[in-house]
There are 2 protein chains.
Amino acid sequence: MEAAARVIARRGVRGLRVEELAAEAGVSTALIYYHFKDRAGILRRTLEFISDRAERYTSERETPARPLDPRRELEQTLLLELQDEPVVRENSTAWGELRANAVFDPELREDLAKATLIWVQETAELLGQVSPMSPAASLAASAERLTALLEGLSMRWLSGILPLTHARTLLLEAVAVELERLDRK
Amino acid sequence: MEAAARVIARRGVRGLRVEELAAEAGVSTALIYYHFKDRAGILRRTLEFISDRAERYTSERETPARPLDPRRELEQTLLLELQDEPVVRENSTAWGELRANAVFDPELREDLAKATLIWVQETAELLGQVSPMSPAASLAASAERLTALLEGLSMRWLSGILPLTHARTLLLEAVAVELERLDRK
DNA sequence: GTCTATAACGGGATAGAC
DNA sequence: GTCTATCCCGTTATAGAC
């Protein structure tokens, strides 16, 4: 699965070649087909793996001695997706591919919708901890905007047209803008 | 070119089959290769075509008798990309594909970067007309956020996980949020 | 310019031995 | 479980007639 994540990050979902995956994993192509039914099976299982791993590194990141204040917690959680670390890049790339492919492949939409919903809800919850008086609907809207913005920024970063530091700055400002608004309402 | 845009909107850049394009255009595959050097040439020319067409429908949209006030002008321009009309859908889909492919294909990055820059600048200009006292750097940052958000929302819409009306609402609120902030600074 | 027919190739998938 | 060898199909691209 780790080899598959690496190959997808390098070539994309549609660029994954079973032969390249086999080489990356150090086995033969036949063995890949022994463990996975077919190419689609490889992709399905890999995307599950990536999704699980993303939840892990979101929730299990090393907790500092004293818990962060809610605002920092929110910021750090969102910024997690904008880091130039191999695992993060692999996950971000794979998710971008999943989204892009879902436009043409309805089969992928269910996974995508579920993961997106969870992510939006978690973000809304964090926002609620920062701004406890805000109505749920406002929190939900802000969470949808922040996560959609993050996806857009991530895409620009990964496609090399936006430097990572700039993307991070824009995201932090967006958090500030949304929180200012929530507080004023 | 129109046939190519339709096929790309239906199958994606990586899903385009020369045979399907030929059928869509009502000619033989050999004729496609007569007019374009190869598959890459087809894609390059089609993406140029789509880019030109997007500029056209952005700038040439029917101007109402009285010019809109700057705020409406900004909103309408951004909302143009979130419409369920065939041409718009084709363009949005193709741009999403271009971005997704640029992650793995450095050749595409130049076109993408140029088009994105122009779009961000135009948006910053419109923002400046609404909020003339704001410093250029703030306008630029807001324009980057709004366009990146629009890309994220567009992706979610096209992949079927966000209803169009909701996407439009979220975008309009984002415009409001950014303008409130610009005015307060 | 446009066609029919086909060559050439890449890559998914499997047979069968060990 | 794992390999080598290979089949076979879909797709790109071209040859050659009209």
Side-chain angles (χ1 to χ4, degrees), chain A residues 1-52 90 93-94 96-112, chain B residues 1-50 52 90 93-94 96-98 100-109 111:
Chain A
M1 301 318 312
E2 284 166 11
R6 283 195 298 275
V7 175
I8 286 180
R10 190 159 61 232
R11 308 286 183 206
V13 164
R14 283 170 278 196
L16 180 139
R17 300 284 162 259
V18 180
E19 204 175 350
E20 184 175 0
L21 166 57
E24 182 80 24
V27 298
S28 65
T29 66
L31 190 58
I32 301 289
Y33 283 99
Y34 175 80
H35 285 290
F36 306 90
K37 184 176 169 295
D38 55 13
R39 202 190 116 92
I42 300 170
L43 292 177
R44 219 194 53 245
R45 296 268 303 273
T46 307
L47 292 171
E48 278 170 22
F49 169 78
I50 283 169
S51 152
D52 290 351
E90 275 173 32
T93 305
E97 280 286 287
L98 180 58
R99 283 197 303 275
N101 280 281
V103 176
F104 307 101
D105 180 357
E107 269 187 48
L108 294 173
R109 292 185 185 183
E110 197 184 336
D111 283 347
L112 182 62
Chain B
M1 300 319 312
E2 284 166 10
R6 283 196 300 274
V7 174
I8 286 181
R10 189 159 61 232
R11 307 286 182 207
V13 164
R14 283 170 277 197
L16 179 139
R17 300 284 162 258
V18 180
E19 204 175 349
E20 184 176 0
L21 165 58
E24 182 80 26
V27 299
S28 65
T29 66
L31 189 59
I32 301 290
Y33 284 99
Y34 175 80
H35 285 291
F36 306 90
K37 183 176 169 296
D38 55 14
R39 202 190 118 91
I42 299 170
L43 292 177
R44 220 195 52 245
R45 295 269 303 273
T46 307
L47 292 171
E48 277 171 24
F49 169 77
I50 284 169
D52 289 351
E90 275 173 33
T93 305
E97 280 286 286
L98 180 57
N101 280 280
V103 176
F104 308 101
D105 180 356
E107 269 187 48
L108 294 173
R109 292 184 185 183
D111 283 347

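Residue numbers begin at 1 in each chain, while the letters A, B, ... track the order of the sequences.
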Just so I know, are the side chains of A:V13 and A:L43 near enough to count as touching, which here means a heavy-atom distance under 4.5 Å?
yes
Side chains of A:E90 and A:I8: closer than 4.5 Å at any heavy-atom pair?
no
From NE2 of A:H35 across to C1' of D:dG1 the rounded distance in Å is 6 Å
Figure out the CG/P separation between A:L31 and D:dA5, and round it to whole Å.
17 Å
To 10°, what angle do the rotation axes through the five end pairs on each side of the helix from C:dG1-D:dC18 to C:dC18-D:dG1 form?
10°
Spacing between A:R11 atom CZ and C:dG10 atom C1', to the nearest angstrom:
15 Å
Any side-chain heavy-atom pair from A:L16 and A:R11 closer than 4.5 angstrom?
no
Pair A:R14 + B:E97: basic N to acidic O under 4.0 Å
yes
Under a 4.5 Å cut-off applied to non-hydrogen side-chain atoms, are A:R39 and A:R17 in contact?
yes
Heavy-atom contacts, protein to nucleotides 7-18 of chain D, under 4.0 Å, summarised as B (base), S (sugar-phosphate only) or - (none) per nt, yield ----SSBBB---
Validation row: A:D38, A:I42 side chains within 4.5 angstrom (heavy atoms):
no
Where at least one partner belongs to residues 24-36 of chain A, residue pairs that pass salt bridge (charged side-chain N to carboxylate O under 4.0 Å, His left out), sequence neighbours excluded:
A:R6-A:E24, A:R10-A:E24
With the side chain counted from C-beta on, respond yes when A:L98 and A:L108 share a heavy-atom pair under 4.5 Å apart, and no when they do not.
yes
